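Okay, so here's the structure we're looking at.
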Amino acid sequence: MKTYTVNMGFNLHRPIGRADWENIPREQWNRFQIRAAETGGIDTPANRLDLIASMAGVANSALIISGHRMMERAAEDDDTMLFLCGGTAKMAGLAGDTLTIPVDFFDGIIADKTGTKSSLGEVVDAGRDMFEASRRLGTRYAIGALSLTEAGLIGAPKLANMGIAGATMLRGEQPHTSVFAKGAEGVRGLALEMTDVETFAETYFRMRTVSDGKMSPGEAMDYDFANAEKVLRDMQRAKRSLIIGAGAVGWAATGIDMLALAKRGGKNV
């Protein structure tokens, strides 16, 4: 099977030809490689980390959305305690998502250091990237932190690349990442993280205003803090710039992959 550079996965998950443990004598396998071989590459340290991080991500989304809904309900009922509890849950979920970001960097390193890289590991990593991007975008859209246009600018190139990767595999070619595609993934991540920072700060301002007795929960939810607070205005500008950049870089990476596919493969690796 030929392999081509396509916007999926990360290089540290990429095996050289076959799975790592298949390239050395069985007597030299470490305990991670033995377990990976027994399970067809399913049970590896990197895959376990990805699974745990994905489950944590789902819990974070639940906290963010439920916390936001609690704040909305508290605003209607003028319930200060419920408002503060909802804001705390929302901020906890946003912070939790930030804490799972390093998984995207460390899972590949772990796969490399434990000698458990495989084609399945690449697929799992790329699948988690798609799942996480979809989950985070959907969650931010659900609470109004991103408009449909902003979510589309960030997510549409990712969806297009998913189709390109599928078409590449149908041709009997193995999709891999490119350096440019890594950059696109990084800019998308920065755009989402700036969205979270802005949402976290805005939630804090709303909670502090209610806690100090300056506004009722209803007034705090309706007040336009984004225009009233300079720090939030600056965050909004940074977020918009990153979203536009994510869209531009993402579509540029997609365009490169489309050209590569049209030529029956991109950079042969």
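The structure displayed is predicted, hence computed values, not measured ones.
Atom CG of Leu137 is separated from atom CG of Leu148 by 10.5 Å, given to the nearest 0.5 angstrom. Summarising the geometry, atom CD1 belonging to Ile65 is positioned 4.5 Å from atom OG1 belonging to Thr139; distances are rounded to the nearest 0.5 Å. Asp129 CG to Ser134 OG: the interatomic distance, rounded to the nearest 0.5 Å, is 10.5 Å. Put simply, CD1 on Ile64 and CE on Met91 are 12.0 Å apart, with the number rounded to the nearest 0.5 Å. One distance of note links OG of Ser147 with CG of Leu153; it measures 8.0 Å at 0.5 Å rounding.
Residue pairs meeting the salt bridge (Lys or Arg N to Asp or Glu O under 4.0 Å) criterion with at least one partner in residues 233-254, sequence neighbours excluded, are Glu198-Lys239, Lys230-Asp234, Asp234-Arg237. Here salt bridge (Lys or Arg N to Asp or Glu O under 4.0 Å) pairs that include residues 65-75, with residues two or more places apart or in two chains, are Arg69-Glu72. Residue pairs meeting the ring-ring contact (aromatic ring centres under 6.0 Å, His included) criterion with at least one partner in residues 218-240, sequence neighbours excluded, are Tyr223-Phe225. For residues 211-223, there are no salt bridge (Lys or Arg N to Asp or Glu O under 4.0 Å) pairs, not counting sequence neighbours.
Hydrophobic clustering (side-chain heavy atoms under 4.5 Å, transitive across Ile, Leu, Val, Met, Phe, Trp, Tyr) groups Tyr204 together with Leu84. A continuous path of ILVMFWY side-chain contacts below 4.5 Å connects Leu232 to Met215, so both sit in one hydrophobic cluster. Clustering ILVMFWY residues whenever any of their side-chain heavy atoms sit less than 4.5 angstrom apart, transitively, puts Leu190 in the very cluster that holds Met194.
Glu185 has its side chain within reach of Lys158: a pair of non-hydrogen atoms, C-beta onward, lies under 4.5 Å apart. Ser118 has its side chain out of reach of Asp20: every pair of non-hydrogen atoms, C-beta onward, lies at least 4.5 Å apart. The shortest distance between side-chain heavy atoms of Arg140 and Leu94 falls below 4.5 Å. At a threshold of 4.5 Å between non-hydrogen side-chain atoms, the residues Asp196 and Leu192 do not count as touching. No side-chain heavy atom of Glu132 sits less than 4.5 Å from a side-chain heavy atom of Val103. Using a 4.5 Å heavy-atom cutoff, the side chains of Thr98 and Phe200 are not in contact. Between Met71 and Thr203 the shortest side-chain heavy-atom distance falls below 4.5 Å.
Here Trp29 is tied into one hydrophobic group with Trp21, Ile24, Ile34, each link being a pair of ILVMFWY side chains closer than 4.5 Å. Grouped with Leu99 in a hydrophobic cluster is no other residue, since no side-chain heavy-atom contact under 4.5 Å to another Ile, Leu, Val, Met, Phe, Trp or Tyr is found.
More than 12 heavy atoms of other residues, nucleotides or ligands lie within 6.0 Å of CZ in Phe131, so this atom counts as buried by the packing criterion. No more than 12 heavy atoms of other residues, nucleotides or ligands lie within 6.0 Å of OH in Tyr141, so this atom counts as exposed by the packing criterion.
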Inset, instruction - Step by step, work out the side-chain contact (heavy atoms from CB on, under 4.5 Å) result for Glu193 and Leu242. - result: CA-CA 10 Å; Glu193 191 54 33; Leu242 284 169; over 6 Å; no
Inset, instruction - Might you work through the side-chain contact (heavy atoms from CB on, under 4.5 Å) test for Arg128 and Asn47, ending with a clear yes or no? - result: CA-CA 10 Å; Arg128 178 182 178 275; Asn47 287 351; over 6 Å; no
Legend entry - Evaluation steps, side-chain contact (heavy atoms from CB on, under 4.5 Å), between Ile243 and Leu146: CA-CA 10 Å; Ile243 288 173; Leu146 286 175; 3.7 Å; yes
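The minimum heavy-atom distance between Arg18 and Glu22, with the atom names listed, is NH2-O, 2.7 Å. Of all heavy-atom pairs spanning Arg135 and Gly57, the tightest one is NH1-O, 2.9 Å. For the residue pair Asp107 and Ala46, the shortest heavy atom distance occurs at O-CB, 3.4 Å. When all heavy atoms are compared, the tightest approach of Ile110 to Leu49 is CD1-CD2, 3.7 Å. Listed here is the closest heavy atom pair of Asp78 and Pro217: OD1-CD, 3.1 Å. The shortest heavy-atom contact between Phe83 and Ala220 is CZ-CB, 4.1 Å.
Applying the side-chain contact (heavy atoms from CB on, under 4.5 Å) test to Thr88 and every residue at least two apart in sequence or in another chain returns Met207. Qualifying side-chain contact (heavy atoms from CB on, under 4.5 Å) partners for Ala133, counting only residues two or more places apart in sequence or in other chains: none. Evaluation of the side-chain contact (heavy atoms from CB on, under 4.5 Å) rule for Thr100 yields Ala56, Asn60, Asp97 as partners, not counting sequence neighbours. A search for side-chain hydrogen bond (donor to acceptor under 3.5 Å, both in side chains) contacts involving Arg48 returns Asp43, not counting sequence neighbours. By the side-chain hydrogen bond (donor to acceptor under 3.5 Å, both in side chains) test, Thr114 is found to be paired with Thr116, residues two or more places apart in sequence or in another chain being considered. Every residue was checked against the side-chain contact (heavy atoms from CB on, under 4.5 Å) condition with Ile244, not counting sequence neighbours, and none meets it.
Listed for the Gln28 side chain is no donor-acceptor partner under 3.5 Å among the backbone atoms of Pro25.
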